[in-house]
Amino acid sequence: MSPALERSPVLRARPAARLAAGVRAVATSVRWYVRESTGEAAYDRYVAAHAADHPDHPPLTRAQWWRARDAAREHTVTTGCC
Amino acid sequence: MTTTTRDLPEYTDDEAAEVLRDDTGVPVGVVEKPRWTPARIAVWVAVALLGATGWTMLAVVRGEEVNTIWFVVTAVASYAIAYRFYALYVQRRVMRPDDTRATPAERVNNGRDFDPTDRRVLYGHHFAAIAGAGPLVGPVLAAQMGYLPGTLWIIFGVIVAGGVQDMLVLFYSMRRGGRSLGQMARDEIGRFGGTVAIVVVFVMLMIVLAVLALVCVNALADSPWGVFSVGCTIPIALLMGLYLRFLRPGRVSEVSIIGFLALLAAIIGGRYVAESSWGDFFHLTPTTLVVCMVIYGFLAAVLPVWLLLTPRDYLSTFMKVGTILVLAVGIIVVRPVAQMPDFTEFAFNTEGPVFAGALFPFLFITIACGALSGMHAMVSSGTTPKMIQKESQTRMIGYGGMLMESFVAIMALAAAVSLNQGIYFSMNMSGASIEATAGSSYSAEATPEQNAEAAIANLGVSDPAGNQPEIIWETVVDGEEVTLTGAPALEAVAQDVGEPSVVSRTGGAPTLAVGMANIMHNVVGGKAMMSFWYHFAIMFEALFILSAVDAVTRVARFQLGDAIGNVLPKFRDPGWRVGSWLTTGVVVAAWGSLLLMGVTDPNGGIRTLFPLFGIANQLIAACALTIVTVMVVKKGYVRWAWIPLVPLAIDTATTFTASFQKIFSSDLALGYWALHNATKDKIAAGGLEGQALADAEATVRNTAIQGTLSIAFVVLVALLMVTALLAVLRALRVGGGKEIESSEDPFEPSRFYAPSGLLVPTPLERKVEAEYAQVGDPKLLAGGHH
């Protein structure tokens, strides 16, 4: 690598910055995956959709929404594994 | 719109031709032609070479020292090729997904069961739903035949049978609004066939549950540590449920982490409880455990799901992912050598002490879930088809999910065969088996370990070098490494894993746990951590099984309620408490009595009941493949009907031969009725008294039940197949091989786009995703209208 390039602040910062950006990207994906899998993201989506569809009244609270979800789950259990 | 269209991606002409659009021009799918660049060709050649090397090492070279790392390499390379080529071929021939067509999830999108879910998230859900204790214990038991038959069937079975079944059932159910297997059978085959399918599935669920529960009971009996730590999962789950309901609603990750830490504390604390004066309280006999299990199953099925079932599912998923990662890392890091030869004598005779029966058909029956599982057809026609965003994602979820299940089975096999053969057989021979094999060396006064040593010396099996296997265990005594043999070695194993004894711990779960602890202690913690790893493994197997116990009990209770509802309509109302308690009671009594029969069986419950479990599971697969074949023919894909027919033929050959042998064989080890009649004669001849007479009477009773069940299963499935054949002939007569009307839902245009690339979208998919983010319906983007 030429000395001029080595002096470039962008490139000198590169390995560490790239590592940090990489770690952040992985952490973001993991967080997204976990929130999607557990259904935590679903409530946020519900609130956003509710705001667009029915701006005239407030959405269910988190507790109310999860209760409705539990009630629906009561009869949608499947057998699953062997 | 002018402000947003500014950033729309630009497509080349070739690319533009590959984007599917709805009538308003919104992109809804991508159909890419495969492009064989040199880099891609090089990658696939490398994968093929790796796979070929692996198979050569396992199946051709077969040296005395086969490293289990080859199991992993061979499996992964074979899966990659199967997924890329065969699954894609199947998709193009008998599925033909159409991304301009809305899936049920997009059409209904009610934010509850019909919920369009990202393909990677849905993959996780689907895998968590199909993976259970089956693929873990089946391969462990099949290891008695050597490492090669199991490996071959787990890998080839998933490629031609298991993956195909799961994917096709998923696809055809998705085309039918996510209808269940029983409903599809009724729609496509007729009322009679449908009713038979529902009855078959119900009866088999009971036997499946009984055997799973038996595995759990065998792992926990006389193990205060195991009983304490597994018992703790119940209060932990209850607290998690209450926490989520009242304290912090919806904080699932948070409560899962708390629960998982509590679980680890329970595993670690179990040792101190077992060693304390409380230990005796948790020292339970098998029969007591059966009672606990039945009470638990009843309560879990009638309590609200949020209190016990849902939180325990969170725990179980956590453990599932954790354990699979741990096992994969362990095998890759430690790379243990297989102690089992490629084939043992038990592959070719019926003297196997773990289960009776030769390779064909009992290898296929025993491995079951890791290669082909009828239970998966229930998930693939249950929750998953209602959550798929795009039709072209079915391959990744259905076929890909099953490949992962098969991988779990391969790792379980690797863990089992890396265990010393003498220890493997000592753990998996029932008391009766040990007594019979030890023969004149057996002594009622000797310890179980000494009798096991005598039995191993007489066992008709050889080690990889061709000698009689020896019980060998390396351990640490007073800070020094020593190698023990014989009975002291077995005592040292028990000591190392923190159990009173490891002899006759049948069922596969304890063997897998010892195998796993044997691998993992080399990675983390050394000998001191061995007992932790053992109980970690027992814990996750027990969690799987407990999850199955309450989920299946609940589902079976709904089915029973529906069935009785045809006569007494009030039973259909799931909110009617008396009805749900009654139906739950009947269901629990059904599997509970089978479980009790297994636990008290004088010939060893696993040995007598596991074949019945395998046959039941594989017969459900036969039902599913039969129903799929009818749908394939009705769709006009007669030319490719061989795709489901090949696995159906294999499955029919194995299940029907196995049933035939179980019913008609005159070999006492094999035939239920032969043993039944021989024992009856023995009783009639007199001379039996006390325990021997009681055992003989139990044998007569149990074999009668098992024999009757065998006959019932095979007759019911044969009936279903005949009605299916009639439906196929009718379809061919009406349509002449062309598509005829079926119960498939009518076409509705899709307005939604999502990629279907395995993990990362292709470059073109990325472009379309970016365009859709701007031009797509924001309501669909937000994921659900409420």
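Model, not experiment: these values are computed from the prediction. Just so it is clear: chains get the letters A, B, ... in the order the sequence lines come, proteins before strands, and each one is counted from 1.
At distances below 3.5 Å, at least one donor-acceptor pair connects side-chain atoms of A/E40 with backbone N or O atoms of B/S253.
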*Does the side-chain contact (heavy atoms from CB on, under 4.5 Å) test come out yes or no for B/R120 and A/E36, once each step is laid out?*
CA-CA 10 Å; B/R120 292 156 296 191; A/E36 287 289 333; over 6 Å; no

*asked:* Working note: B/R554 + A/E74, criterion side-chain contact (heavy atoms from CB on, under 4.5 Å); need CA distance, chi angles, decisive distance, verdict.
replied: CA-CA 10 Å; B/R554 198 174 273 266; A/E74 196 69 43; 3.1 Å; yes

*Passes side-chain contact (heavy atoms from CB on, under 4.5 Å), A/D70 versus B/R245? Steps please.*
CA-CA 9 Å; A/D70 286 339; B/R245 182 85 168 180; 3.5 Å; yes

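Going from atom CZ of A/R69 over to atom OG1 of B/T310 covers 9.5 Å, rounded to the nearest 0.5 Å. Distance check, rounded to the nearest 0.5 Å: CG of B/D313 to CZ of A/R73 gives 8.5 Å.
Residue B/V252 comes nearest to A/W66 through the heavy atom pair CG2-CH2, 3.7 Å, listed as atom of the first residue, atom of the second, then distance.
Looking at B/R248, neither its backbone nor its side chain comes within 4.5 Å of chain A, counting heavy atoms on both sides. Proximity to chain B (any heavy atom under 4.5 Å) is shown, for A/R67, by both the backbone and the side chain. Contacts of A/A63 with chain B are made by both backbone and side-chain atoms, with heavy-atom separations under 4.5 Å. With a 4.5 angstrom heavy-atom cutoff, B/L247 does not touch chain A via any of its atoms.
The residue among B/G374, B/P249, B/G250 with the most heavy atom pairs within less than 4.5 Å of chain A is B/G250.
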